[in-house]
There are 2 protein chains.
Amino acid sequence: MEIEKIIQDKNLKLTSARKEILEIFLNSQKPLAYEDIKDKITMDKATFYRNISKFEDKAIVHSFESNDKKRYYEIQSTPHAHFICNNCNTIECLQDVINFEIKNHIVQDILIKGICEVCFLKRV
Amino acid sequence: MEIEKIIQDKNLKLTSARKEILEIFLNSQKPLAYEDIKDKITMDKATFYRNISKFEDKAIVHSFESNDKKRYYEIQSTPHAHFICNNCNTIECLQDVINFEIKNHIVQDILIKGICEVCFLKRV
DNA sequence: TTTTTAAATGCATCTAAGTCGCATTTAAGA
DNA sequence: TCTTAAATGCGACTTAGATGCATTTAAAAA
Ligand SMILES: [Mn+2]
Ligand SMILES: [Mn+2]
Ligand SMILES: [Zn+2]
Ligand SMILES: [Zn+2]
């Protein structure tokens with residue numbers, strides 16, 4: 001099974017907590033915070049945070065902090081920027097690659113904040 | 001005096017707490033968090049946060065959250081992106097304008113995370 | 001299959017940046 | 001000088017996430 005392979009390929013013990021977490025993130029189209037999934041999982045929050053942190057170490061999951069002071073996680077796929085609405089807090093994955101270089105720097109993450117389409121059109 | 005004018009032009013009461021805060025930020029070349037300045041100011045932290053928040057409302061100050069879970073503030077000047085090092089947490093103001101548009105969105109803030117020049121050169 | 005053990009888990013407790021309620025003080029206009 | 005709304009200090013509170021520790025479990029060895 002896909003999920004089990006991902007876990008074992010990184011030399012992680014195959015536990016039900018880990019399968020539960022990955023199942024949810026693999027089926028989500030958007031980044032999720034602990035808050036968003038706590039009712040769908042059975043493990044303690046300490047277990048969630050310890051595992052998601054391990055997934056990050058192993059480059060299975062990527063995360064960033066949003067405006068609501070919560071950390072959002074998503075399966076690490078092709079790198080892409082995120083847009084966070086300062087009005088409604090919605091997070092968008094920007095699939096159109098924004099790329100630029102900064103000499104002698106490594107760009108790992110791009111976070112753009114502003115007003116999203118929904119809020120923008122409401123205000124016009 | 002410059003500082004007093006900034007405060008009064010925004011119809012804010014001229015208090016010593018406000019003068020102290022602005023003095024520090026006007027003389028800083030980089031964004032600062034409460035932690036960075038708490039020993040240089042005499043007011044309570046509630047007063048600092050209430051005032052800096054008011055400065056933001058009045059567009060005197062601009063802020064963003066960094067990797068260390070702290071909010072950094074700087075005098076609002078020409079809009080520019082910030083680079084935050086995932087290794088050493090240093091914050092750089094990127095004066096070279098990075099600009100792009102996203103249709104039907106308003107871009108208000110650009111945060112780039114990665115490896116800064118110092119850390120990059122150390123690793124080579 | 002049974003044994004072994006390091007890693008994973010649940011639960012309670014802690015952390016720390018930032019917020020809030022309230023009594024007191026102060027800026028600034030009348 | 002008097003008045004009053006706004007600002008301040010202080011203590012208590014909030015909340016996402018981290019941590020210590022006793023117990024459980026995956027998985028490799030025997
Ligand atoms: Mn994404
Ligand atoms: Mn800056
Ligand atoms: Zn929005
Ligand atoms: Zn660095």
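The chains referred to below are lettered A, B, ... by the order of the sequence lines, with proteins before strands, and numbering in each begins at 1. Everything numeric in this text was worked out from a predicted model, so none of it was measured.
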- Message: C:dT9, OP1 or OP2 - any side-chain N/O from A:T15 closer than 4.0 Å?
- Response: yes

- Item | Between C:dG18 (P) and B:I37 (CD1): distance, integer Å | 11 Å

- Message: In whole Å, I'd like the distance from the CG atom of A:D44 to the P atom of C:dA12.
- Response: 9 Å

- Query: Are more than 12 heavy atoms from other residues, nucleotides or ligands located less than 6.0 Å from atom CD of A:E101?
  - Reply: no

- Message: Measure CZ/B:R71 against P/D:dA16 and give the value in whole Å, please.
- Response: 16 Å

- Take the angle between the ring planes of A:H105 and B:F83 and call it parallel below 30°, perpendicular above 60°, tilted in between. perpendicular

- Query: What integer distance in Å separates B:L12:CG from C:dG29:P?
  - Reply: 13 Å

- Task: Return the value, rounded to whole Å, for the distance between atom CE of A:M43 and atom P of D:dA26.
- Result: 14 Å

- Task: For B:K69 and for B:A46, find the nucleotide of DNA chain D with the closest heavy atom, then tell me which residue's nucleotide is more 5'.
- Result: B:A46

- Query: Got a second to check how far B:D109's CG is from A:K113's NZ, nearest 0.5 Å?
  - Reply: 6.5 Å

- Any side-chain N or O of A:T47 less than 4.0 Å from the OP1 or OP2 oxygen of C:dA8? no

- Message: For D:dT8 and B:K13 - does any side-chain N or O of the residue sit under 4.0 Å from the phosphate oxygens OP1/OP2?
- Response: no

- Aromatic rings A:F64 and A:H62: how do their planes relate, parallel, tilted or perpendicular, breaks at 30° and 60°? tilted

- Item | Below 4.0 Å: OP1/OP2 of C:dG18 and any side-chain N or O of B:Y49 | yes

- Message: Can you give me the bend angle of the helix from C:dT1-D:dA30 to C:dA30-D:dT1? Use the axis through the first five pairs and the one through the last five, nearest 10 degrees.
- Response: 30°

- Task: Kindly indicate whether the side chain of A:K45 and the base of D:dG17 share any N or O donor-acceptor pair separated by less than 3.5 Å?
- Result: yes

- Counting side-chain heavy atoms from CB outward, which of C:dA28, D:dA16, C:dT9 is closest to A:K70? D:dA16

- Which part of the nucleic acid does B:A33 contact within heavy-atom distance under 4.0 Å: base, sugar-phosphate only, or nothing? nothing

- Query: Using 30° and 60° as the class limits, which term best fits the ring planes of B:F48 and B:F25: parallel, tilted or perpendicular?
  - Reply: parallel

- Message: Taking the nucleotide of DNA chain D with the nearest heavy atom to each, does A:E35 or B:S16 sit closer to the 5' end?
- Response: B:S16

- Integer-rounded Å distance: C:dA17 C1' and B:D36 CG: 13 Å

- Item | Spacing between B:D57 atom CG and D:dA6 atom C1', to the nearest angstrom | 15 Å

- No-H, no-angle donor-acceptor pair, B:R50 side chain to C:dG18 base, under 3.5 Å: no

- Task: Would you please confirm or rule out a distance under 4.0 Å between OP1 or OP2 of D:dA7 and any side-chain N or O of B:R18?
- Result: yes

- Side-chain donor or acceptor of A:E20 paired with backbone N/O of A:T42 under 3.5 Å: yes

- Under 3.5 Å: donor-acceptor pair, side chain of A:K70, backbone of A:A33: no

- Distance-only, no hydrogens or angles: does the B:R18 side chain make a donor-acceptor pair with backbone N or O of B:N51 under 3.5 Å? no

- Task: Provide, to the nearest angstrom, the distance between the NZ atom belonging to B:K54 and the P atom belonging to C:dA27.
- Result: 16 Å

